[in-house]
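The next block holds one structure in the form of C-alpha cells; read it before the comments.
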Amino acid sequence: MLDRRLIRQEPDAVRDAIARKGLEAPVDEFIKLDEKWRSVTHKRDELKAEMNVASKSIGELMKAGKKEEAEAAKAASASLKAQIQDLEEQERTFESLLEDVELEFPNMPHESAPDGLTPEDNRPVREWGEKPFFAEGTKPHWEIAVEHGLIDFDRASKISGSGFAVYTGIGAKLQRALISLMLDIQTTKNGYDEVYPPALVLGSSLVGTGNLPKFADDLYQADDDLWLIPTAEVPVTNLYRDEIMDGTVLPVKKCAHTPCFRKEAGAAGRDTRGIQRMHQFEKVELVKMVLPERSYDALEELVRDAESVLQALGLHYRVIELCAGDMGDKGCKAYDLEVWAPGIGEYLEISSCTNFEAFQARRANIRFRRGPGEKPEFVHILNGSGLALPRLIAAILESGRLANGDVVLPPALHSYMGIDVISADN
RNA sequence: GGACAGAUGGCCGAGUGGCUUAAGGCGCCCGCCUGCUAAGCGGGUUGGGGGUGAACGCCCCCUCCCGGGUUCGAAUCCCGGUCUGUCCGCCA
C-alpha cells in the first residue's frame, strides 16, 4: 500500500515508478474515487456537526422542561438525519471501492534499483568461493538422493501427488541438522530472536504482507478464511499488526523456521526436477523491522546475514541485485542469493532479500513512536530467506559428491549430523 | 462442537439513554516548591480521517472489541461477529 497523499499529490511520479516494474497502477481510478470519497466525507462531517449541535440543544430543552420546543427541534432535524444517512452509505461504498483499488497498487522500486524487466537486466554484485572442480563429473541431486536413500520421490507422489518429497533416514536428518545450524547462526551470531509461528493464518494476515487479494492463486486455502502460509514472512510480519512499538525496541529482528506451501501453478517443466520447486518445503526466514532512515543499511546487513550461512557451509554462491521488473510486486529493492549446484550446472536462487519500506507496514498497520508525544510512523520492513532447505540440500549433495559416490558433508554440519560423510555404509 | 461469563484510555477500574468533554486511581511528561531524592501543588497525557494555513497552530468528524441497527441523542438498548475465561464433550 502506498501513501494516499503521495498518490494524490504526485500521481505521475507514482505511475512512472511503477512503470519501471513493467506494471500499471490504477492511478486515475484511485484519484477519481479519492476525490469522491473526500467530498462525501467532508459533506457528511459538516452535517454531523450541525446535528451534534441540534441534539445537544434538544437535551438542554428537555432538561429545562420545554417539551414543546424540544419536539419542534426534533422534527426540524429529521431531514438532516436523512441526508446524513444517505451520505454515510455513499461514504461506505466509496471507502470500500477505494480500499480495493489501493490494495492493487504495486510498490514503487527504489531509485537505486537497476532498470530492466527481465532477469538479464539483473546486476551481479559479488561472488563468494569458487566453483568446485570434478574431474570425473558429478550428478544432479535427485540421483544422489535416491542413490543414498535420502529422498523417496515415488512414495511422495503416491501419497500427495507431484511436487512433494519424502525425506528418509539421513536425508531427513540432514534437513533437521541444517534447520538447527541456520537458526543457531542467526540467533547466536547475527542477533535474531527465534520464533515458531502458526503455519495457518487468517486472510487478513495475507493482506498485510501483500499476498492477498492479488495473489490468491499462489496459495492453498484450508478453510473459509484459514490459509497455509507460503513463507514465515506472513505470520512473523503480522505479529506486530495494529501495534505501535516504542522506537527504542527497533530494530526488531526475528528468525523463524516453518514449512511453506505454494501452489506453483504453471511452473511445471524447467527447474522443477528433483527438489527445486516443491508445493511444501522448509525454510528459515529472517524478518526485520527498522527505522525508515536505516532500512537500506539494514538491507545490506540482511543480505550478509543470509550469506553467512552459505559461507559457514563453504558453498560457492553469487549475489545478484534484481532489476525493477524482476523483484516482484511488493519490493523496493531486492537481492537474490544464488548457490552453485554443480550437478545441474546452474546457480539456484536460494534466498531473496527485500526491502519493502513502508508498503507492508501500511497494509498491516505496524508503527513505532520515536519518543513520548511523537506521532506514530510506519516502520520499514525487510525480509529474506536464510535459507530455503531443498535447494540448499541439493547444493550440498552436488558439491560434496566424491568420485566414489560418497558425499562429504561440510564441517559445520558434522556435530549436528554425527557423521562426516554420507556413504554406502550408513 | 455445546453452555455460561466477559471485553472501557499506557495499566487498573467506575459507569443501565442527555449533567461523560469517560469518574477515581496508577504510570508517564511539563512546571512550581524543595540541600538531593521522596512527598506536596498545578497542568498535560488514545488513535484515525478530513479541512485550513508559509508555519507554531486552528476547525470538524470518528474512536469505550468489530460491523450493522433503534433514537433528535448510544460506552449504555437491539441484531450479527471476533477474541478471552470457565465448565462439558472430543483429543496429540
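Only a predicted model underlies this, so the values are computations on that prediction, with no experimental measurement involved. The sequence lines fix the lettering, A, B, ..., with proteins before strands; numbering per chain opens at 1.
With C1' as the reference atom, B:A7 and B:U76 are 15 Å apart, rounded to whole Å. Using atom C1' as the reference point in both B:U8 and B:C66, the two lie 15 Å apart (nearest Å). Using atom C1' as the reference point in both B:C11 and B:G27, the two lie 7 Å apart (nearest Å). If you take atom C1' in B:U63 and the same atom in B:G67, they sit 14 Å apart, rounded to whole Å. With C1' as the reference atom, B:U71 and B:A75 are 16 Å apart, rounded to whole Å. B:U20 and B:A14 have their C1' atoms separated by 12 Å, with the value rounded to a whole Å.
With a 4.5 Å cut-off on side-chain heavy atoms, A:M108 and A:L6 count as touching. Between A:P390 and A:Q276, the closest side-chain pair of non-hydrogen atoms is not below 4.5 Å.
Aromatic ring orientation, A:H257 versus A:Y196: tilted (interplanar angle from 30° to 60°).
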**Request:** Show your reasoning for whether side-chain hydrogen bond (donor to acceptor under 3.5 Å, both in side chains) applies to A:S308 and A:N190.
**Result:** CA-CA 9 Å; A:S308 69; A:N190 296 336; 3.2 Å; yes

**Request:** Would you please test A:F356 and A:E233 for side-chain contact (heavy atoms from CB on, under 4.5 Å) and show each step?
**Result:** CA-CA 12 Å; A:F356 303 96; A:E233 163 194 346; 4.2 Å; yes

Heteroatom pairs (N/O) under 3.5 angstrom, protein to nucleotides 46-54 of chain B:
{"from": "B:G47", "atom 1": "OP1", "to": "A:R369", "atom 2": "NH1", "distance (Å)": "2.4"}
{"from": "B:G47", "atom 1": "OP1", "to": "A:R369", "atom 2": "NH2", "distance (Å)": "3.2"}
{"from": "B:G47", "atom 1": "O3'", "to": "A:R367", "atom 2": "NH1", "distance (Å)": "3.3"}
{"from": "B:G48", "atom 1": "OP1", "to": "A:R367", "atom 2": "NH1", "distance (Å)": "2.9"}
{"from": "B:G48", "atom 1": "OP2", "to": "A:K375", "atom 2": "NZ", "distance (Å)": "3.4"}
{"from": "B:G49", "atom 1": "N2", "to": "A:D45", "atom 2": "OD2", "distance (Å)": "3.3"}
{"from": "B:G50", "atom 1": "OP1", "to": "A:R8", "atom 2": "NH1", "distance (Å)": "3.2"}
{"from": "B:G50", "atom 1": "OP1", "to": "A:R8", "atom 2": "NH2", "distance (Å)": "2.9"}
{"from": "B:G50", "atom 1": "OP2", "to": "A:R5", "atom 2": "NH2", "distance (Å)": "3.1"}
{"from": "B:G51", "atom 1": "OP1", "to": "A:R38", "atom 2": "NH1", "distance (Å)": "2.7"}

Check nucleotides 65-67 of chain B against the protein and report each pair of N or O atoms closer than 3.5 Å, with its distance, or say if there are none.
none

Under 3.5 Å, N/O pairs linking protein and nucleotides 18-21 of chain B:
{"from": "B:G18", "atom 1": "N2", "to": "A:S55", "atom 2": "O", "distance (Å)": "2.9"}

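Each side-chain hydrogen bond (donor to acceptor under 3.5 Å, both in side chains) pair with one or both residues in residues 155-164 of chain A, not counting sequence neighbours, appears once here: A:D152-A:R155.
Within the 4.0 Å cut-off from OP1 or OP2 of B:C60, not a single side-chain nitrogen or oxygen of A:K43 is found.
Qualifying ring pair (Phe, Tyr, Trp, His ring centres under 6.0 Å) partners for A:F281, counting only residues two or more places apart in sequence or in other chains: none.
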**Prompt:** What would the secondary structure line of RNA chain B be in dot-bracket form, counting Watson-Crick and G-U wobble pairs under 3.5 Å, with [ ] for pairs that cross earlier ones and | for pairs with another strand?
**Reply:** ((((((((.[[[..)..(.....]]]((((((.......)))))).((((((....))))))..[[[[[..)....]]]]])))))))....

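Within the nucleic acid shown, A:E50 has no heavy atom closer than 4.0 Å to any nucleic acid atom.
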